[in-house]
Each structure stands twice: as structure tokens, then as C-alpha cells.
> 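Input: one structure, supplied below.
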Amino acid sequence: MSKVPNDRRYTEEHEWAKKQGEVIVVGITDHAQASLGDVVFLELPEPGKKITKGKAFGVIESVKAASDLYAPLDGEVVEVNGPLVAAPEGVNKDAYDASWMIKVKPANAAAYDALMDAAAYTALLQKTAK
Amino acid sequence: MAPKRTPLFDAHVAAGATMVDFAGFEMPVRYSSEREEHLAVRSGVGIFDVSHMGEVFVEGEGALAFVRGLVTNDAAKIVDGQAMYAGLLNERATFIDDVIVYRFSERRFLVCVNASNQDKDFAWIAAQAKEKAPGLKVTNQGADWSQLAVQGPKAVDVVAKLCDEGVRAIGGYHFREGTILGEAGIIARTGYTGEDGFELYVKNAHARKVWDAVLAAGALPCGLACRDTLRLEAGMCLYGNDIDDEHTPLEANLGWIVKLPEPGKERAPFVGMDVLVKQKAAGVQRLLRGLELVDRGIARHGYTVHDEAGASIGVVTSGTQTPFLNKAIAMAYLDRAHAELGHTVFVDVRGKKLKATVVKLPFYRRATTSKA
């Protein structure tokens, strides 16, 4: 079973979001990296770019395929994980923490609380595994 | 229809494989990391369950003449115990499938076909036989045989343990019938990885025993994901991606598997031959080539290729970031005028035109060939 830390929120598209002061840190879940296989390429937006909940903000490519990264909420990108873009295979080692992708200034701070918590996301994974 | 399972399904699950539906079979896509599996085959030894592949046997008086008329490569030019890669074409000279033909004798052949095409291929071969050689026995034995591909520079050591030291003398694209862990099977020095290796054909009841023994001998279990990247590095075509019933072998740059009539030499006609003779004389309009991306990014199946002015000049058929060569490579059909080696083209990757260079296939060639 893949890891689902309790300290953050989740989307149905398998992104995680974590509150860090005023900004929301975004990445993909352990389940997502395991499904993708070996990650070889990451395309992320520039700081300043506006992102929209449910819309693609970037692309992650494994050896096998390209997949969109979906924004967990509306907001503006304030920082991008440059070292991860240079060495995207890090996502496979630890999808959380070190493999954060973007930091977002949310348009509406309450949008974070509307995301799934760890229990709801775990339930989603269990449902899709059946 | 529920996907079929090979006799090794339980072994894959036990080894932690991620299973996917592929060509109607539940197959392992990877066990841990396709990158590690890929590298194991390039440097050591890996094992693949390819039992989903189909086995069509053609047997009886006149089998050689029939097979010469069936596929593009010439079964009269190989000896008993030798195999050849060939195209199975329709009358338009486009691919029904790509196959490996094993010649046991003038009276007995095995045509190894792709899983996704096996029903179609068998129907075609049986219909051809009915029309041209009704005395032949054509049987689809795909459900009886398991196929294990043991691939990599150390594959020969593993196979020698399972069989006998004599397997070291089997040349590339040669095979023999023999015993594998005491059971009758076919030991072929063939593969789909660009590496030395063997494909072992055993009856289903023995598959698990052979699989376990190969793992115990140190081979890493390898899934379909790395099988795809290995074959792509080696410049080998995948049916449904790089070749299909809209392209001829000459367009696919597979002229070497097409034996056309030459002055002073007899050549029994094969299905599609007339079309290929004309196409060769006129020259192809498009050609399958290798691409290496210069700009950062990955070209994928279906992406379009453009010239500097933006005009569409081709389409990508396969592409990935390769684990061993560590660069983005692709195969693409290109308009003949843009297919010269060294030519710069542009691949449309999500709206961005990424620069790529036309290169010769294969991308990877192993340093030494297997000893004959």
C-alpha cells in the first residue's frame, strides 16, 4: 500500500497539497509515482503563472507515457522546484517533501480545506484497487 | 471478454508485478523499476514472460514452397535450424504482422506471431494454405506453448545451466529442439532486446519450473515496459506503432527482410511482391527513421513532425527517454525529402516545436555479436 501522510490534502487526480504558511505546496502522491513508473521528465510552469483547479499546470513523463499534472486549487505559482526538474527521477524515491513541484499562493485560502484528507484519499485508493 | 492469463500469472503477482491488459492478456508491465530491468538486460540477464505470443505451425509436403509464398523473407535461403525475421503482408504489401519463421525442415515451420494479431494471422495463413496448399497442416498452437525470453550478455550462462553446454554453439537466429530442465522444447537464440539471448519455447505445464530456475540462476524478472524501451533502443519495430497495415516493409526501412526477384535468380512470388517491386523501382515516398531530440523533451507515438517552416512532414511512431543511452529517441515516418541522415526536423510536443536530428537506426548496437 502506498504512503499517504496525514499532514496534507489530496485530489482525485493523485496530487497532494500541503499548507506552508501562506502558500500551498503541490506534488504528486506515492500512488501516482508508482503507477507512472520511472519518471524521466518534468515540465512545470514559471513563477507568476496563474493555475486553475482541475486544469493541467504541467506535465510529468515516465519512460512509458506523458501525463498531465492537475492544479488542486486556483492560484498563482510563486516558486518552482528547479532541482526536481533537473533530476525528476527523485519523484520515484520520495514523492512527498523533497519532490514538491510548485508553491502556490491560493486565490481563496478556504479551497485547501475542501480537498480530501488522508483518510478520504486512502479510501479512494482502496476503492480503485478493487 | 476477460483478459487471458499465461501459466506464469501467479509467478508475476508473487514477484510483485504491476499487471496490465495487453493484447487480451494480463501481463506484467514492470516488477519494480523498468529502468533497472532495462539496465539488467543490457549488462546482465533478465527474463520476460512472452507466452502471449502466438505459435502457428505449418507442416507437410510442400511447406517450404508455401512459406516462401507467404512471407517477404526467403525460407529457401536459410537452413534447417535457422530462423528469420519477415513480414506477413496482404496484397497491398502492407503488414498483416511481422513474424519470426523457424525452419525445422522443408516440411515443418513455426511462425511466431504477435499476440494481438494471432487470430487474424492464423485465419490468413490457414486461408492461404487452403487456397495454395490444401494438403498442409496449419495449426494455431498458441494456447499450448509458453515462451520465456532470457536476454542479456549473461543469458547464455543461464540457458546452459537449464539445458546443456551445447547451447553456447547455437548461433544468432538459429535454434534447435532440445530439453529444457528435462522437458522437450525449442531453444532459439532470438530476442527483441538488441542483446544476446534466447527464447525458450516450452509446453505450458513446464513454464513455471523453467521460470523459477531462471530466476534462481540470477535473472531479473522484466516486464513489458522495459521490453518496449529495449527494442526501441535496438531500432526494432513494434506492430501497431511502427508498422501496420498502412505501411510497407520498404517504407519501414526493412528492405533487408524483403527478398525480391533478382536477375538470374529464381524467386517464388510472395503475397505483396508485385507491389514492392514497383515501389522499389519508383522509390518510397516516406521512410521510417530514427530521431534524436536536441531540445529537451520526449517525442511520443502520434506526435507530428515538421520542417523549419512548420509544414507537416511526418509522424512519430514510437518514442521515449531511453534508460541506457539516456536520451530522448524516437522513430518516425518522414517524407522522403526530409529523411536524409543528419537532417534537422521539429517534433510538435504539446504545441512546442522541439528540434530533432534524423539518425540511422539502431540507436544501440551491442559491441559483440553472439558466436556462431
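Bear in mind that the values here come from a model prediction, so they are computed numbers and not experimental data. So that the names make sense, note that chain A is the first sequence line, chain B the second, and so on, each numbered from 1.
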> Under a 4.5 Å heavy-atom cut-off, does chain A meet the side chain of B:Arg296, its backbone, both or neither?
both
> Between A:Glu89 and chain B, which part of the residue has a heavy atom less than 4.5 Å away: side chain, backbone, both or neither?
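For A:Glu89, no heavy atom lies under 4.5 Å from chain B.
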> For residues 17-25 of chain A, give me every residue with a non-hydrogen atom less than 4.5 Å from any non-hydrogen atom of chain B.
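If one takes a 4.5 Å heavy-atom cut-off, no residue of residues 17-25 of chain A lies near chain B.
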> Residues of residues 50-72 of chain A under 4.5 Å from chain B (heavy atom pairs)?
A:Val59, A:Glu61, A:Ser62, A:Val63, A:Lys64, A:Ala65, A:Ala66
> Can you list the residues of residues 90-99 of chain A that sit under 4.5 Å from chain B, counting heavy atoms only?
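Within residues 90-99 of chain A, no residue comes under 4.5 Å from chain B.
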> Considering only heavy atoms, give the residues of residues 100-118 of chain A separated from chain B by less than 4.5 Å, sorted numerically, with 'none' for an empty result.
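Result: none.
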> Side chain, backbone, both or neither: which part of B:Ser33 has a heavy atom under 4.5 Å from chain A?
both
> Need one label for A:Val85: side chain, backbone, both or neither, based on atoms under 4.5 Å from any heavy atom in chain B.
both
> Side chain, backbone, both or neither: which part of B:Arg300 has a heavy atom under 4.5 Å from chain A?
side chain
> I need the A:Asp38 CG to B:His38 NE2 distance, nearest 0.5 Å.
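It is 11.0 Å, given to the nearest 0.5 Å.
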